[in-house]
Amino acid sequence: MIDYTETASNENESILFIHGLGASRWMWWQQEPAFSDYQVILADLPGHGKSVSTPWLSLADTTNLVAQHVIKNRKIHVVGISLGGHVALELAKHYPEKILSTFISGITVQPMHFQFLLKVQSRIVQRGIRNERYLNKLAHGYYHLPPDKSSEFIADYQLLTKETYETIWQEIMQFRLDESYGHIDSPCLIVAGDQESRGILESIEIAPQFIPTAVTRLISDAQHAWPVQKAQQFNRTLREWLVHQSNGMGSRNKNTE
C-alpha cells in the first residue's frame, strides 16, 4: 500500500504532490502551507518513506496504486518532480477521469545516453548513502535544508535500496514519449530548470510534439531540486498555473520565467 496524508477538504480543489527518487513527502513542507486554500495530498512512493515496505515494481504498478489507493474517486491536480513527474504523466494518460491538470518538473522523455553505466552509478549512490558526512553536505550545501529537514532527508535517502534504485532507473532511462500520450486531454505544464541536464532540457522541446495539451516553460536560474531550493519561485509558478486552469485559460505556449 501507499502511505499518504491529506489536509481537510475545503471549497477549493485537491492537489496531489509526488516526490522524486530517494525523497519522500518531506520535500513538500514549503508547499503544504503555501497551498492551504486547497486540499493538499502528500504521498510516499513505493520503496520510499513510509511506503518503504511496499516494493517498487514498475511505473505502471505505482501509477495504479496511486490512482486506486490515494486518489480514489476524486478528480485532482497532480504535481510531480523527477520520478514523481513520470508518475503524474502516467496518471494523466491512464486515469484521465481523475486528473484536472498536471504540473511536471524535471523529467526526460526519450532514452538516456550511457545506460551501460547504471551499475557503476548505483554503486556510487550506495556508497553515498552510507556516508553521513556526504549526506549532511548534500542536505546543507545543495538542498539548503534546515536541521530538522536535513535529518528527514538523510533518513529517507538511506532507505533507498540498490534494488529499488536500479529497478526505477532502468525503466526511466529507457522511457520514451510516443503517440499513445496524444490521448492525454487534461492541461499539462512541463517545466525544466535552465541548469538541469541536457535530457531534461530537451523534454520541453519534445513533449508538445506528443502531448497536444502540453505547455512548457524554462525556469531561469533553477536546478533540479528547485521546489526545495527556490520554494517561493516554485509556489508562485504553480499557483499561476492553478489559477490559469480555474479561469479556463489553458493555452499552448512556451516561455521563460
Side-chain angles (χ1 to χ4, degrees), residues 1-54 56 59 61-92 95 98-107 139 143-146 148-160 164 168 189 191 224-239 241-242 245:
M1 289 299 211
I2 290 186
D3 195 278
Y4 68 97
T5 59
E6 59 184 51
T7 58
S9 58
N10 52 45
E11 70 279 0
N12 237 332
E13 296 157 336
S14 302
I15 311 172
L16 169 61
F17 290 88
I18 310 179
H19 63 82
L21 177 62
S24 73
R25 57 185 176 231
W26 70 263
M27 70 165 291
W28 303 111
W29 93 92
Q30 298 173 99
Q31 281 70 50
E32 185 171 3
F35 293 92
S36 60
D37 51 329
Y38 289 82
Q39 181 184 40
V40 173
I41 308 167
L42 306 176
D44 289 348
L45 295 176
H48 295 75
K50 293 183 179 180
S51 299
V52 68
S53 61
T54 300
W56 179 285
L59 193 55
D61 176 73
T62 294
T63 301
N64 182 61
L65 288 175
V66 172
Q68 301 301 328
H69 300 291
V70 180
I71 302 176
K72 301 176 183 176
N73 61 351
R74 293 179 278 204
K75 196 169 179 70
I76 66 173
H77 299 282
V78 184
V79 178
I81 178 174
S82 195
L83 176 62
H86 280 283
V87 176
L89 186 62
E90 296 306 304
L91 285 168
Y95 295 92
K98 298 178 184 288
I99 307 303
L100 292 170
S101 75
T102 51
F103 181 107
I104 296 170
S105 180
I107 66 168
Y143 289 104
H144 312 305
L145 299 178
D148 60 326
K149 294 303 171 185
S150 294
S151 60
E152 285 189 67
F153 159 72
I154 292 171
D156 281 349
Y157 197 61
Q158 289 181 325
L159 295 175
L160 185 62
T164 298
I168 290 172
L189 176 61
V191 306
H224 192 59
W226 73 295
V228 175
Q229 297 165 324
K230 297 197 165 192
Q232 289 186 348
Q233 183 183 20
F234 181 88
N235 293 348
R236 183 175 66 251
T237 306
L238 174 56
R239 185 165 289 278
W241 169 251
L242 294 172
Q245 304 319 305

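Closest approach of V78 and I18 over heavy atoms only: CG1-CD1, 3.7 Å. Here the shortest heavy-atom pairing between L83 and L21 reads CB-N, 3.8 Å. The nearest pair of heavy atoms linking H224 to I81 is O-CD1, 3.1 Å. Closest non-hydrogen pair, L91 versus A67, comes out as CD2-CB, 4.0 Å. When all heavy atoms of K149 and W29 are compared, the pair lying nearest together is CE-CG, 3.4 Å. The two residues D156 and G49 come nearest to each other via the heavy atoms OD1-CA, 3.8 Å.
Remark: the backbone N or O of V228 is paired with a side-chain donor or acceptor of Q30 at under 3.5 angstrom. One N or O on the side chain of S150 and one on the backbone of P146 form a donor-acceptor pair closer than 3.5 Å. Side-chain atoms of T54 do not come within 3.5 Å of backbone N or O of P46 as any donor-acceptor pair.
The distance from atom CG of L160 to atom OG of S24, rounded to the nearest 0.5 Å, is 11.5 Å. For the atom pair CD1 (I104) and CG (L189), the distance works out to 8.5 Å, reported to the nearest 0.5 Å. Between atom OG of residue S101 and atom CG of residue L238 there is a gap of 8.5 Å, rounded to the nearest 0.5 Å. Rounding to the nearest 0.5 angstrom, the gap separating the CZ atom in F17 from the CD1 atom in I76 is 10.5 Å.
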Please walk me through it: do W241 and V79 pass side chain to side chain contact (heavy atoms under 4.5 Å, CB included)?
CA-CA 11 Å; W241 169 251; V79 178; over 6 Å; no
With side chain to side chain contact (heavy atoms under 4.5 Å, CB included) as the test, would you mind laying out the steps for F103 and Q245 before giving the verdict?
CA-CA 11 Å; F103 181 107; Q245 304 319 305; over 6 Å; no
Starting from the C-alpha separation in whole Å, work towards a yes-or-no answer on side chain to side chain contact (heavy atoms under 4.5 Å, CB included) for V66 and T63.
CA-CA 5 Å; V66 172; T63 301; 6.0 Å; no
Walk me through it: do L145 and W26 pass the test side chain to side chain contact (heavy atoms under 4.5 Å, CB included)?
CA-CA 11 Å; L145 299 178; W26 70 263; 3.7 Å; yes
Set out, in order, the CA-CA distance, both residues' side-chain angles and the distance that settles salt bridge (Lys or Arg N to Asp or Glu O under 4.0 Å) for R25 and D44, then state yes or no.
CA-CA 6 Å; R25 57 185 176 231; D44 289 348; 3.7 Å; yes
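N235 and Q31 form a side-chain donor-acceptor contact under 3.5 Å, judged by distance and modelled atom types alone. No side-chain donor from either of T62 and W56 sits under 3.5 Å from a side-chain acceptor of the other. Inspection of the S14 and H77 side chains reveals no N or O donor paired with an N or O acceptor under 3.5 Å. S51 and D3 share no donor-acceptor pair across their side chains, judged by distance under 3.5 Å alone.
For the side chain to side chain contact (heavy atoms under 4.5 Å, CB included) with R74, the lone residue among E13, Q39, K98 that qualifies is Q39.
At least one side-chain heavy atom of P227 sits less than 4.5 Å from a side-chain heavy atom of M27. Counting only heavy atoms from C-beta outward, the side chains of I15 and L242 approach each other to under 4.5 Å. At a threshold of 4.5 Å between non-hydrogen side-chain atoms, the residues F35 and R239 count as touching. A heavy-atom distance below 4.5 Å is not found between the side chains of L42 and E6. Side chains of Y95 and K75 form no contact here, defined as non-hydrogen atoms less than 4.5 Å apart. Between I71 and Y4, the closest side-chain pair of non-hydrogen atoms is not below 4.5 Å.
Between H19 and H48, the angle of the ring planes lies from 30° to 60°, which puts this pair in the tilted group.
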